[in-house]
Amino acid sequence: MSLAMDAPNVLVTGGAGYIGSHACKVLSQAGYRPVTFDNLSTGWAAAVKFGPLVQADLLDRAAIDAAFAQYSPVAVMHFAALSQVGEASRDPGLYWRNNVGGALNLIEAMVAAGCRDMIFSSTCATYGDHDGVVLDEQTPQLPLNAYGASKRAIEDILRDFGKSHALNSVIFRYFNVAGADPDAEVGEWHRPETHLIPIMIEAAAGTRDALVINGNDYPTHDGTCIRDYVHVMDLVQAHVLGLEWLRAGKQSRVFNLGTGVGFSVAEVIRQCRAGTGHRVPHSFGPRREGDAAALVSGSRRAIEELGWVPKRSSLKQMIEDAWRWHQTGGYSG
Ligand code: UDP
């Protein structure tokens with residue numbers, strides 16, 4: 001779709017990544033021009049389809065200032081981050097430096113440029129393990145790993161800058177994001193892949209070895225970890241609502257984004273088999289460091305206050321959309 005010349009720019013850090021690229025698609029549909037700021041360390045130039053790409057790193061403050069000067073964005077959506085629990089547990093310094101250092105540069109550049117509205121991509125990993133209770137926005141944040149800790153720290157920075165510099169933020173704490181654009185223009189493509197659903201689909205398609213289930217001795221009904229999966233298209237629609245919330249002058253707010261329903265790893269595998277008709281070869285391995293047994297969202301706030309209506313977040317739909325995207329061969333196909 002073509003954008004009006006005067007479409008307001010939104011700076012999308014990480015716009016070449018999985019969630020950021022889907023956000024760019026819905027932003028362009030909503031009449032904004034998404035300007036991707038991405039170092040392409042884990043993202044793909046081929047995923048930047050809906051607006052310009054600034055290839056640069058958030059640790060380079062001058063590059064951020066230059067992007068603000070060139071594009072004068074009305075708001076920022078901040079997705080760019082390292083996001084693997086296992087890697088964060090092995091190398092916490094990397095996560096603190098990259099995620100927190102990058103976000104701080106970005107926030108200070110926003111203040112300097114007079115851009116006051118940020119949508120921030122946070123995570124349920126900031127909550128840690130709470131014995132399977134449903135996690136709402138008031139649940140204490142006790143992260144189990146440096147990934148969750150780095151995201152919690154950025155939330156704190158946003159609150160501080162809210163008080164000191166009138167920076168407004170909508171913080172979204174994501175549960176497990178899955179699925180792909182139903183048109184398969186963009187999708188999930190990590191190399192290496194570490195997330196359950198794409199690994200499972202690749203194993204089912206025979207393009208990789210068997211899936212290893214990380215632990216089957218958790219205190220859950222079948223011993224495997226329970227997660228709350230939310231469709232990426234529903235998730236990014238919430239971001240557009242968050243942007244409109246801030247542009248309407250409403251106050252900074254935190255929202256969970258999940259469905260309120262948890263599925264175990266074993267249940268996801270069964271649904272994959274039912275949905276694709278392919279068996280998922282799998283074996284059992286040890287627990288993964290930093291994993292909580294169960295993470296399930298209380299998401300009423302987003303539904304009630306933002307007017308969020310998840311439409312594609314059934315497990316069946318997410319797996320179907322992820323499968324369709326996988327069939328395209330992704331960005332290397
Ligand atoms: N998982 C697994 N095998 C894999 C990848 C993931 O058993 O090859 C498990 C993982 O330990 C967690 C769940 O699947 O319990 C979801 O993991 P994912 O990495 O997709 O998302 P996370 O919960 O870390 O955000």
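Ligands are counted one by one from 1 in listed order, and the atoms in each one are counted from 1 as well. Values in this document were obtained by computation on a predicted structure and should not be read as measured data.
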Any non-hydrogen side-chain atom of Glu267 less than 4.5 Å from a side-chain atom of Arg270?
yes
Do Val76 and Phe37 make a side-chain contact, defined as non-hydrogen atoms from C-beta onward lying under 4.5 Å apart?
no
Which atoms of ligand 1 have any heavy atom of Ile199 under 4.0 Å away?
8 (O)
My understanding is that we take every heavy atom of each candidate and find the minimum distance to atom 19 (O) of ligand 1. Doing that for Arg288, Gln84, Arg287, which one comes out nearest?
Arg288
Counting distance only, does the side-chain N/O of Lys49 pair as donor-acceptor with the main-chain N or O of Glu185 below 3.5 Å?
yes
With only distance considered, is Ile213 within less than 3.5 Å of ligand 1 through an N or O on each side?
no
Among all protein heavy atoms, pick out the one at the shortest distance from atom 11 (O) of ligand 1; state its residue, atom name and that distance to 0.1 Å.
Asp291 OD2, 2.5 Å
Look at atom 7 (O) of ligand 1 and say which protein heavy atom is nearest, naming residue and atom and giving the distance to 0.1 Å.
Asn214 N, 2.8 Å
Pair Arg227, Asp291 - check salt bridge (Lys or Arg N to Asp or Glu O under 4.0 Å), show working.
CA-CA 11 Å; Arg227 294 289 180 274; Asp291 255 348; 3.2 Å; yes
Of the listed options Val265, Val85, Leu211, closest to atom 8 (O) of ligand 1 (non-hydrogen atoms)
Leu211
Would you mind checking if Glu202 and Arg191 are paired as a salt bridge, meaning a charged N to carboxylate O distance below 4.0 Å?
yes
Judged by heavy atoms only, the candidate from Arg208, Arg227, Glu289, His195 nearest atom 23 (O) of ligand 1 is Arg227
For atom 20 (O) of ligand 1, the closest protein heavy atom turns out to be Leu196 N, 2.8 Å
SB check Glu155 Lys151 (cutoff 4.0 Å)
no
For residues Tyr147 and Val85, report the shortest heavy-atom separation together with the two atoms involved.
CD2-CG2, 4.2 Å
Using a 4.0 Å cutoff against the non-hydrogen atoms of Cys225, which atoms of ligand 1 qualify?
15 (O)
Just go through Leu295, Val212, Asn176, Thr220 and tell me whose heavy atom is the nearest to atom 21 (O) of ligand 1.
Asn176
Leu243 and Ala75: which non-hydrogen atoms are nearest, and at how many Å?
CD1-CB, 3.4 Å
Distance to 0.1 Å, residue and atom name: give those for the protein heavy atom nearest to atom 5 (C) of ligand 1.
Thr194 O, 3.4 Å
